[in-house]
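Fair warning: this is a prediction, and the values are worked out from it, not measured in the lab.
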Amino acid sequence: MNRVGPRKAIWVLQNLGVVLAAGAACVLLSLIMTMVPGLRTPGSGNAGQAYGAAASSTAVLVLFYMARTLRLQRDETSLQRQELELQRAEMRLQRTELELQRDEMRRSAGELHRSAEAGLRRLHMDLLKMSIADPELAEVWPAFAPGLSVKENRQYLYANLIYSHSMLVHKLGMTSDREMLGHLRYITDTPAFRGYWESARFMRDEMDPTSHEHHFAVLVDEALTQTNAQTPHMPNLRLIDGQHTEQ
């Protein structure tokens, strides 16, 4: 991970070894010149002083190289710190990429779930269509309310089909609440749909208050309230055709 550290360390040790060896040699030579009896002469004191000075110079040189070595070590530490910062930055980038991948996976899972739910709701609507087209198949479905005629029950089945379609459009995000309210004010302004909505109240009581189905049912109730307070208006034909701008 650290590519320049070992080379610098070897270079420093080599230079330090040379300096230490030179210093040791000077000190040893000074001792020989001044301490060995056979080498003592009247000038040996001067020689000893000369070699002592040489030893001192060597010591200064050693201290200089030691200081230089410390500076190199400081530079090496700085380089290591920079490499560590680069590694941390790379790890942050990797974490960011992982988060993006997780978000993409969650979006994909959400899209798959919505696609599967849309397919199930289409199947439900196909079943309703079959029961509307064939009275014998309609008898398989329980009546929405006691005492309904065959005609009224078929109308309620059709109202349920319209309601399911509108809810699916809203849940897939193809319309906002405001746009859907305009459509709901139109489809709820008939006795047949109002009868269906009232007869299905017991099913709405079982809805999860946090679910989209409950939210959409609240929109229908609001549309009914607005319809009671307003005069009839033209249908939202653009919504029916799959466009989303209320007229």
d(Thr190 OG1, Gln155 CD) to nearest 0.5 Å is 8.5 Å
What verdict does the side-chain contact (heavy atoms from CB on, under 4.5 Å) test give for Phe193 and Val220, after you've listed the backbone C-alpha separation in whole Å, the side-chain angles of each residue and the deciding distance to 0.1 Å? CA-CA 11 Å; Phe193 190 93; Val220 176; 4.2 Å; yes
Would you call the rings of Phe144 and Tyr156 parallel, tilted or perpendicular if under 30° counts as parallel and over 60° as perpendicular? perpendicular
Take Trp197 and Tyr163 through the side-chain contact (heavy atoms from CB on, under 4.5 Å) test and state the conclusion after the steps. CA-CA 9 Å; Trp197 191 247; Tyr163 169 76; 3.4 Å; yes
Determine whether Leu148 and Val150 fall in the same hydrophobic cluster, where Ile, Leu, Val, Met, Phe, Trp and Tyr are linked whenever their side-chain heavy atoms lie under 4.5 Å apart. no
Would you mind reporting whether Leu161 and His165 have side-chain heavy atoms less than 4.5 Å apart? no
Between the CE atom in Met174 and the CE atom in Met180, the distance rounded to the nearest 0.5 Å is 9.0 Å
Walk me through it: do His170 and Leu219 pass the test side-chain contact (heavy atoms from CB on, under 4.5 Å)? CA-CA 11 Å; His170 183 264; Leu219 287 180; 3.8 Å; yes
Option passing side-chain contact (heavy atoms from CB on, under 4.5 Å) with Ile132 (candidates Leu137, Asn160, Leu157, Asn153): Leu157
Quick check: closest heavy atoms across Arg204 and Ala217, and the distance to 0.1 Å? CD-CB, 3.7 Å
Nearest-0.5 Å distance, CG of residue Leu84 to OG1 of residue Thr77: 12.0 Å
Can you tell me how far apart NE2 (His212) and CG (Leu172) are? Round to the nearest 0.5 Å. 8.5 Å
Verdict with reasoning, Tyr186 to Thr227, per side-chain contact (heavy atoms from CB on, under 4.5 Å): CA-CA 8 Å; Tyr186 168 65; Thr227 301; over 6 Å; no
By salt bridge (charged side-chain N to carboxylate O under 4.0 Å, His left out), which residues pair with Glu104, not counting sequence neighbours? Arg107
Main-chain N/O of Met207 paired to Ser211 side chain as donor or acceptor, under 3.5 Å: no
For Glu136, look at atom CD and say whether over 12 heavy atoms of other residues, nucleotides or ligands are found less than 6.0 Å away. no
Test item: His215 and Asp177 side chains (from C-beta on) under 4.5 Å apart, heavy atoms: yes
Does Tyr196 share a hydrophobic cluster with Val218, counting links as ILVMFWY side-chain heavy atoms below 4.5 Å and allowing steps through other members? no
Going by an N to O cut-off under 4.0 Å, is there a salt bridge joining Lys171 and Glu213? yes
What is the distance from atom CD1 of Ile162 to atom NE2 of His183, rounded to the nearest 0.5 Å? 7.5 Å
Please check if the side chain of Gln226 supplies one atom and the backbone of Ala223 the other of a donor-acceptor pair under 3.5 Å. no
Taking Glu179 for its side chain and Ser176 for its backbone only, find out whether a donor-acceptor pair lies under 3.5 Å. yes
Could you tell me the separation between the CE atom of Met91 and the CG atom of Leu93, rounded to the nearest 0.5 Å? 11.0 Å
Is the CE atom of Met203 crowded by more than 12 outside heavy atoms at less than 6.0 Å? yes
Please confirm whether the backbone N or O of Thr188 pairs with a side-chain atom of Arg194, one donor and one acceptor, at under 3.5 Å? yes
Taking the side chain as everything from C-beta on, heavy atoms only, tell me whether Arg102 gets closer than 4.5 Å to Leu98. yes
